[in-house]
Enquirer: 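Below is a structure I'd like to ask you about.
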Amino acid sequence: MTETTTSPITSKLVEFLNCPCQYFAPMQDDDPLMAAFHAAQKRGKQEGFIPMLVAAEDDILLETLLMNSDPQSKGGTFSPQAVSAYRSAMKALPLPQNAEALFPNPWGEEDDLLAEEDLEGDEGEPINRFLGYWDYGTKKTIPLILAEIPVQQPWEVFAYLPFGGWNECPDTERLMATAKYWFTKHGAVPSVVTHDILEFTLPQAVGREKAPVLAQEQYAWCADIVDQGVGSITALAQGLADSTVWYFWWD
């Protein structure tokens, strides 16, 4: 890690990730953080890694990562061999790419699906900056690690960061399958993770034509972003049409 921190949680997380990491203390202006992230994106294409901004002092996240990758781990002590074997097994999985299997229609009736003409109005707001790493009490970013995850394909980051599998949050296989599907269709790349938040970046927004179907996929995958968030799938679609960041949160 390129900066020193005394947090045992952060140190254990860096040990678990076992890849180059840079620590960022809380800051009110995230411009330096974003500059480092964008520079890492460019280097990653040349050097073969995917940069991820990871919550550094999130004990729930660390516990979930260990529980999924090494169920025998106790009190933060884990087996590097078990974790490595888990990562290899996850990357070797045949991932389903059938939209109907990944995103079952939450209504069940074809007539209820959104269309482009339903996007009139301004209920939804586009997202073009990361939201998931802010502490809105302190108005600063949370402590973060910029990790250079040593994988070739964006969806494989979840083999290193298996944060799901609880409540309605998808498990590692479904995280990987969905991320692969969205990368193939839209170029979406996982970029930020905490214990209950995941954000993707896109090279460009999907536009109004693709937004209705995408909103229905995202609602089927993470209902909380609508039911406890923007309030309607129409509002979600309106925002997604012009968004270069996708935000997910599970309760």
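What you see is a predicted model; the values in this text were computed from it and never measured.
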Enquirer: Heavy-atom count check: over 12 atoms from other residues, nucleotides or ligands less than 6.0 Å from E168 CD?
Expert: no

Enquirer: Mind checking the CD-NZ spacing from Q97 to K185? Nearest 0.5 Å is all I need.
Expert: 10.5 Å

Enquirer: Would you call D59-K12 a salt bridge at under 4.0 Å N-O?
Expert: no

Enquirer: Taking atom types as modelled and ignoring hydrogens, do the side chains of S7 and Y23 form a donor-acceptor contact shorter than 3.5 angstrom?
Expert: no

Enquirer: Looking at F16, does the NZ or CZ of R87 lie under 6.0 angstrom from its six-membered ring centre and within 45 degrees of the ring axis?
Expert: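 Yes, a cation-pi geometry holds between R87 and F16.
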
Enquirer: Just to verify, which of T194, L33, T10 counts as forming a side chain to side chain contact (heavy atoms under 4.5 Å, CB included) with L144?
Expert: L33

Enquirer: Distance alone, cut at 3.5 Å: any donor-acceptor contact between the side chains of W221 and T178?
Expert: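 Side chains of W221 and T178: pair found under 3.5 Å.
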
Enquirer: Nearest heavy-atom pair of L61 and A55: which atoms, and what distance?
Expert: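 That closest heavy-atom pairing would be CD2-O, 3.7 Å.
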
Enquirer: What's the separation between atom CG in D196 and atom CG in D58, rounded to the nearest 0.5 Å?
Expert: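 CG of D58 is found 7.5 Å from CG of D196.
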
Enquirer: Assess whether side chain to side chain contact (heavy atoms under 4.5 Å, CB included) is satisfied between E173 and L95, documenting all intermediate values.
Expert: CA-CA 7 Å; E173 182 176 358; L95 300 175; 4.2 Å; yes

Enquirer: Determine whether a donor-acceptor pair (N or O, by modelled atom type, separation under 3.5 Å) exists between the side chain of T141 and the backbone of Y133.
Expert: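 Answer holds: no.
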
Enquirer: Can I60 be reached from I142 by stepping across I, L, V, M, F, W or Y side chains whose heavy atoms are under 4.5 Å apart?
Expert: no

Enquirer: Using only atom types and a distance under 3.5 Å, with no angle test, would you say the side chain of E199 pairs donor to acceptor with the backbone of L131?
Expert: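 Side chain of E199 to backbone of L131, a donor-acceptor pair under 3.5 Å: yes, one is there.
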
Enquirer: Are Y86 and M52 linked, directly or through intermediate hydrophobic residues, by side-chain heavy-atom contacts shorter than 4.5 Å (ILVMFWY only)?
Expert: yes

Enquirer: Could you measure the distance from the CG atom of L93 to the CH2 atom of W155? Nearest 0.5 Å is fine.
Expert: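 L93 CG to W155 CH2: 13.5 Å, rounded to 0.5 Å.
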
Enquirer: Heavy-atom distance under 4.5 Å between the side chains of L65 and L13, does that happen here?
Expert: yes

Enquirer: Is there a path of hydrophobic side-chain contacts, each under 4.5 Å between heavy atoms, that joins F49 and F37?
Expert: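 No, it is not one cluster - the side chains of F49 and F37 are not joined through contacts under 4.5 Å.
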
Enquirer: Pairing donors with acceptors under 3.5 angstrom, does anything connect the side chains of N18 and Y160?
Expert: no

Enquirer: Roughly how far, to the nearest 0.5 Å, is the CD1 atom of I50 from the NZ atom of K45?
Expert: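 K45 atom NZ to I50 atom CD1 measures 9.5 Å (nearest 0.5 Å).
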
Enquirer: Specify the closest pair of heavy atoms between A159 and K91, including all atoms of both residues, with the distance to one decimal.
Expert: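 Heavy atoms of A159 and K91 come nearest at CB-CG, 3.9 Å.
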
Enquirer: For a quick test of reading the model, state the closest non-hydrogen atom pair linking P203 to H186 and the distance between them.
Expert: CD-O, 3.9 Å

Enquirer: Once you round to the nearest 0.5 Å, how far does CG of L198 lie from CH2 of W246?
Expert: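 With rounding to 0.5 Å, CG (L198) is 11.0 Å from CH2 (W246).
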
Enquirer: How close do S69 and P162 get, heavy atom to heavy atom, and via which atoms?
Expert: CB-CG, 4.4 Å

Enquirer: Can you classify the ring geometry of F158 versus F163 as parallel (below 30°), tilted (30 to 60°) or perpendicular (above 60°)?
Expert: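 Correct class here is tilted.
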
Enquirer: Side-chain contact, heavy-atom cut-off 4.5 Å: I225 with L236?
Expert: yes

Enquirer: Hey, mind stepping through E217 and W182 against side chain to side chain contact (heavy atoms under 4.5 Å, CB included) and telling me if it holds?
Expert: CA-CA 10 Å; E217 291 174 353; W182 282 336; 2.9 Å; yes

Enquirer: Let me confirm one number: the CE-CH2 distance from M67 to W166, rounded to the nearest 0.5 Å.
Expert: 10.0 Å

Enquirer: State whether the side chain of N68 and the backbone N or O of G164 hold a donor-acceptor pair below 3.5 Å, judged by distance alone.
Expert: yes

Enquirer: Within the distance-only criterion (no hydrogens, no angle test), does the side chain of N128 pair as donor or acceptor with the backbone N or O of T244 below 3.5 angstrom?
Expert: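 A pair under 3.5 Å: yes.
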
Enquirer: Just by modelled atom types, is the P126 backbone N or O under 3.5 Å from a matching donor or acceptor in the D242 side chain?
Expert: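 Not at all, since once roles are kept as given, no pair shorter than 3.5 Å links the two residues.
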
Enquirer: Is the CD atom of Q41 crowded by more than 12 outside heavy atoms at less than 6.0 Å?
Expert: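 Counting other residues, nucleotides and ligands, CD of Q41 exceeds 12 neighbours.
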
Enquirer: Give the intermediate values and the outcome of side chain to side chain contact (heavy atoms under 4.5 Å, CB included) for residues R129 and M34.
Expert: CA-CA 9 Å; R129 291 186 71 89; M34 290 306 303; 3.9 Å; yes

Enquirer: Tell me if the NZ atom of K210 is crowded by more than 12 foreign heavy atoms within 6.0 Å.
Expert: no

